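These notes concern the structure reproduced below.
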Amino acid sequence: MRELKIFSGRANPKLAQDICDFLHLELGSLSLGKFPDGENYCKIEDDVRGRDVYLIQPTCPPVNDNIMELLIMIDSCKRASAARVTAVLPYYGYARQDRKDEGRVPITAKLVANLITRAGADRVLAMDLHAPQIQGFFDVPVDHLYAAPVLTNHFKTKNFAHDDIVVVSPDEGSIKRAIGHSKRLGGKLAIVDKRRANAVETEQKNIIGGPVEGKICLMFDDMISTAGSIVGAAKLVHEAGAKQIHLACTHGVLCGQAIQKLKDAPVDSIVITNTIPLPPEKQFDRIEIISIAPLLAEAIRRIHSNKSISQMFGDQMARES
Ligand code: R5P
């Protein structure tokens with residue numbers, strides 16, 4: 001088998017190091033920086049000729065910098081004759097711009113997929129894409145991972161009584177995810193009727209299903225960005241008499257006032273994965289970070305040795321997303 005090499009961009013080097021630790025591999029050496037005029041610079045310091053290369057770079061904020069850095073890392077590896085380059089995108093930014101929902105707007109999720117493919121990525125490894133059909137935006141194979149098993153296990157360790165649990169979908173787009181979690185964790189299901197006024201404002205109207213009164217409500221989302229959606233849903237569920245509220249998401253984008261909104265929210269705990277780094281100044285006592293490094297490491301090991309990725313999850317996850 002060609003030698004496996006892993007390199008990290010500057011978006012989440014800790015995650016890349018954790019992945020390497022699981023694989024008992026040394027993180028590849030490269031130099032990244034900026035020229036005085038702000039243009040990005042990259043030099044791969046290790047020999048990658050004929051190697052199976054994995055570039056770890058969530059395209060989280062600063063989104064444009066991180067995307068550009070990924071593109072020039074891919075280009076550097078291709079020009080250095082890497083046999084295969086896999087773009088590992090634990091978080092794929094621009095994913096929410098995935099359709100023309102009004103005239104004269106771009107489909108940026110497709111544009112960025114084109115950029116990554118044209119730069120020379122032979123494969124993509126992604127996690128909890130905002131919409132699973134984004135896999136089709138890449139004209140190269142995409143392996144899609146799910147953080148759901150990790151989040152489910154987190155709540156299983158809490159030993160909540162099944163009859164006490166209500167899994168609450170924070171909007172209609174997350175219903176399949178909520179159904180999956182409720183199958184694994186037990187309990188009833190509820191859906192918050194969310195209306196989006198614009199990119200940053202949402203309104204939560206009604207709760208369908210439940211009831212949530214006196215219950216432990218668990219809410220799962222793919223991402224928390226401004227926290228408007230999930231905090232709005234949590235407030236509604238709290239007003240309806242929930243006994244406890246716990247939030248879980250894969251991607252903690254946590255931009256703008258998100259942290260303050262979460263601190264002020266009537267929630268008992270928030271669990272997020274480390275697809276995006278959460279700096280210490282944004283952390284607080286009710287936020288817990290769980291690592292998806294073992295999942296990504298196992299996926300890289302399997303891709304490298306041509307083993308199935310879907311067997312890591314069974315067919316169930318794909319149906320839930
Ligand atoms: C919505 O479609 C998504 O699943 C998230 O609920 C949403 O994008 C989160 O954004 P924010 O935190 O800004 O409400």
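Each ligand, and each atom within it, is numbered from 1 in the order the structure gives. This structure is a prediction, so every number in the text was calculated from the model and none was measured.
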Inspect the contact between R51 and E3 and indicate whether a charged nitrogen and a carboxylate oxygen are less than 4.0 angstrom apart. yes
Can you tell me if K282 has over 12 outside heavy atoms packed within less than 6.0 Å of its NZ? yes
Positive for side-chain hydrogen bond (donor to acceptor under 3.5 Å, both in side chains) with Y94, one of T59, N64, T108: N64
Hits for salt bridge (Lys or Arg N to Asp or Glu O under 4.0 Å) against D268, two or more places apart or cross-chain, chain-then-number order -> none
Can I287 be reached from L15 by stepping across I, L, V, M, F, W or Y side chains whose heavy atoms are under 4.5 Å apart? no
Heavy-atom cut-off of under 4.0 Å around ligand 1: list whichever protein residues fall inside it, by chain and number. R96, H130, D171, K194, R196, D221, D222, M223, I224, S225, T226, A227, G228, S229
Evaluate whether atom CG of D163 has more than 12 neighbouring non-hydrogen atoms of other residues, nucleotides or ligands under 6.0 angstrom away. no
